[in-house]
J.: 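Below you'll find the structure I mean.
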Amino acid sequence: MKKIVVALGGNAILSKDASASSQQAAIFKTAKVLVEFIKRGYKLVITHGNGPQVGNLLLQQVAGSTVKNPAMPLDTIGAMTEGSIGYWMQQALGEILQSEGIRKTVATIITQTKVAADDPAFKNPTKPIGPFYSQEEAKKEKTENPNYIFTEDAGRGYRRVVPSPIPQEVIEYPLVAMMLKNDMIPIAAGGGGIPVSQNQDNQIVGQEAVIDKDYGAAKLAESINADELIILTAVDHVFVNFNQPNQKKLTNTTVAELKQYIAEKQFAVGSMLPKINAAIEFVEATHGKAIITSLSRVTDLLEKGVGTIVTA
């Protein structure tokens with residue numbers, strides 16, 4: 001049976017509002033799609049994003065904080081959202097599997113992802129989190145929170161940016177592998193995992209950072225020697241010359257071709273490029289297959305091979 005890691009994009013969780021009930025409804029729809037992999041006999045690992053949830057929870061924490069009840073640090077907020085989204089996902093999958101007469105254990109692993117303490121990202125925060133602010137609002141936030149760094153984001157306003165270091169190791173990957181061996185369904189490395197590093201005393205400590213979810217999924221897939229990494233996003237295929245008259249969708253492509261397209265700056269830094277880099281990393285490390293497509297096309301992926309398929 002094939003081992004696959006499915007990386008869910010934000011559209012798998014986001015809904016018309018940020019309430020728990022709306023997000024749970026969105027996740028239930030996503031879970032119905034994921035069950036198709038299980039029904040076809042795949043050994044499935046689920047990873048997911050948590051960017052909007054981290055931003056919202058951070059706002060709630062800051063708004064309600066006092067000297068005696070301070071806001072939690074970013075790594076802890078990452079753990080909190082990893083837990084809440086995983087809880088919703090395992091509830092939804094459990095209900096759907098039961099209705100299909102499939103008996104499997106689904107469990108969320110609060111996952112730590114090791115990064116280098118001296119990763120250059122810590123000196124150059126680039127990952128936007130939370131809401132958009134006007135310039136004046138950003139200045140006010142900066143006054144109240146001197147450690148925050150704000151940057152203008154594509155003409156839409158100012159956002160707080162935090163470091164996004166490169167994952168080196170998914171610490172709990174042996175647990176994921178053990179669950180697969182015992183025919184269970186793990187939900188792991190949510191939001192790329194909680195960024196941690198080793199200090200001078202060899203202690204594992206959390207970092208004020210976030211990890212790109214696709215990089216985290218690729219590292220996890222590599223660690224458990226998965227056969228396929230499937231990145232589900234908002235589009236059916238990767239395109240080059242996007243939105244131009246000579247736009248072309250990529251169906252079957254290679255690592256070498258993608259590297260050439262990267263050199264040509266074909267992929268947007270904040271959206272498609274991390275997915276492409278994650279696919280390349282996984283394929284180079286394992287000689288497995290990476291697929292980028294949309295959640296809505298999973299059935300076509302399973303039956304017709306729809307999507308952008310990346311091989312060595």
J.: Are the side chains of Leu229 and Leu220 in contact, using a 4.5 Å heavy-atom criterion?
T.: no
J.: Do any N or O atoms from the side chain of Lys142 and from the backbone of Tyr148 form a donor-acceptor pair under 3.5 angstrom?
T.: yes
J.: If two hydrophobic side chains count as joined below 4.5 Å and joins carry through other members, does Met89 share a cluster with Ile185?
T.: yes
J.: Membership question, hydrophobic clusters at under 4.5 Å side-chain separation (ILVMFWY): are Leu8 and Val235 in the same one?
T.: no
J.: So, does Thr308 use its side chain to make a donor-acceptor pair with the main chain of Leu250 at under 3.5 Å?
T.: yes
J.: Work out which heavy atom in Thr47 is nearest to a heavy atom in Ala7; give both atom names and the distance.
T.: OG1-CA, 3.2 Å
J.: Yes or no on side-chain contact (heavy atoms from CB on, under 4.5 Å) for Phe267 and Leu258, after CA distance, side-chain angles and deciding distance?
T.: CA-CA 10 Å; Phe267 308 120; Leu258 290 179; 4.1 Å; yes
J.: Using the rule given for side-chain contact (heavy atoms from CB on, under 4.5 Å), can you reason through Tyr87 versus Thr108, listing the C-alpha separation, both sets of side-chain angles and the distance that settles it, and then say yes or no?
T.: CA-CA 7 Å; Tyr87 160 62; Thr108 300; 5.7 Å; no
J.: Could you pull out the closest heavy-atom pair between Val176 and Pro186, with the gap in Å?
T.: CG1-CG, 3.8 Å
J.: Check this for me: does any side-chain nitrogen of one of Glu222 and Lys219 sit under 4.0 Å from a carboxylate oxygen of the other?
T.: yes
J.: For Gln112 and Ile204, work out which heavy atoms get closest and say how close.
T.: OE1-CG2, 3.9 Å
J.: For Asp201, does its backbone N or O pair with a side-chain atom of Asn199 as donor and acceptor, under 3.5 Å?
T.: yes
J.: Does Val298 belong to the same Ile/Leu/Val/Met/Phe/Trp/Tyr cluster as Tyr42, with side-chain heavy atoms less than 4.5 Å apart forming each link?
T.: yes
J.: When you check the gap from the basic side-chain N to the acidic O, do Lys140 and Glu136 get nearer than 4.0 Å?
T.: no
J.: Aromatic rings His237 and Phe239: how do their planes relate, parallel, tilted or perpendicular, breaks at 30° and 60°?
T.: perpendicular
J.: Would you say that Asn277 contacts Glu281 through its side chain, given a criterion of any heavy-atom pair below 4.5 Å between the two side chains?
T.: no
J.: Would you check if the side chain of Gln61 reaches a backbone N or O of Met72 as a donor-acceptor pair within less than 3.5 Å?
T.: yes
J.: For the pair Asn241 and Gln266, evaluate side-chain contact (heavy atoms from CB on, under 4.5 Å) and give the outcome as yes or no after the intermediate values.
T.: CA-CA 7 Å; Asn241 305 317; Gln266 287 280 359; 3.1 Å; yes
J.: I'd like to know if the side chain of Gln98 reaches the main chain of Gly94, judged simply by a donor and an acceptor atom lying under 3.5 Å from each other, with no hydrogens or angles considered.
T.: no
J.: Taking all atoms of both residues into account, what is the closest heavy-atom pair of Ala268 and Pro274, and its distance?
T.: O-CD, 4.2 Å
J.: For a 4.5 angstrom cut-off between non-hydrogen side-chain atoms, does Val35 reach Leu93?
T.: yes
J.: Report the residues that fulfil side-chain contact (heavy atoms from CB on, under 4.5 Å) with Ser65, sequence neighbours left out, ordered by chain and then residue number.
T.: Ala71
J.: Does either side chain, that of Ser22 or that of Asp17, offer a donor lying less than 3.5 Å from an acceptor on the other one?
T.: yes
J.: Can you tell me which residue among Val115, Val210, Asp212 is in a side chain to side chain contact (heavy atoms under 4.5 Å, CB included) with Pro165?
T.: Val115
J.: For Gln91 and Glu95, does a side-chain donor sit closer than 3.5 Å to a side-chain acceptor?
T.: no
J.: Looking at Glu228 and Gly288, would you say the former's side chain and the latter's main chain have a donor-acceptor pair under 3.5 Å?
T.: no
J.: Check whether any side-chain N or O of Lys114 sits under 3.5 Å from a backbone N or O of Glu169 as a donor-acceptor pair, and report yes or no.
T.: no
J.: Is the shortest heavy-atom distance from the side chain of Ile109 to the side chain of Met179 under 4.5 Å?
T.: yes
J.: So how far is it from Ile13 CD1 to Trp88 CH2, rounded to the nearest 0.5 Å?
T.: 8.5 Å
J.: With the side chain counted from C-beta on, respond yes when Leu295 and Thr30 share a heavy-atom pair under 4.5 Å apart, and no when they do not.
T.: yes
J.: Return the CD1 to NE2 distance between Ile27 and His48, rounded to the nearest 0.5 Å.
T.: 7.5 Å
J.: Do the side chains of Glu100 and Lys39 get close enough for a salt bridge, i.e. N-O under 4.0 angstrom?
T.: yes
J.: For atom OH of Tyr173, is the number of surrounding heavy atoms from other residues, nucleotides or ligands below 6.0 Å larger than 12?
T.: no
J.: Are the side chain of Asp300 and the backbone N or O of Lys304 linked by a donor-acceptor pair below 3.5 Å?
T.: no
J.: The test is side-chain contact (heavy atoms from CB on, under 4.5 Å); show your working for Glu141 and Tyr158 and say whether it passes.
T.: CA-CA 11 Å; Glu141 288 288 327; Tyr158 288 79; over 6 Å; no
J.: Say whether, by atom type as modelled, one donor and one acceptor occur between the side chain of Glu82 and the main chain of Thr111 under 3.5 angstrom.
T.: yes
J.: Should we say atom NZ of Lys127 is surrounded by more than 12 heavy atoms from elsewhere, each under 6.0 Å from it?
T.: yes
J.: Report whether Val238 and Val269 are members of the same hydrophobic cluster (ILVMFWY, side-chain heavy atoms less than 4.5 Å apart, transitive linking).
T.: yes
J.: Testing the basics here: between Ile230 and Leu301, what is the closest heavy-atom pair and its distance to 0.1 Å?
T.: CG2-CD2, 4.0 Å
J.: Between Arg160 and Glu208, does any NZ, NE, NH1 or NH2 come within less than 4.0 Å of an OD or OE carboxylate oxygen?
T.: yes
J.: Flag the pair Leu273 / Ile262 as yes when at least one side-chain heavy-atom distance between them is below 4.5 Å, and no otherwise.
T.: yes
J.: If Ile, Leu, Val, Met, Phe, Trp and Tyr residues are connected whenever their side-chain heavy atoms lie under 4.5 Å apart, and connections chain through other members, are Met80 and Leu58 in the same group?
T.: yes
J.: Measure from the side-chain N and O atoms of Thr254 to the backbone N and O of Ala312, and report whether any donor-acceptor pair falls under 3.5 Å.
T.: no
J.: Please report the shortest heavy-atom distance between Phe282 and Ala290, naming the atom on each side.
T.: CD2-CB, 4.3 Å
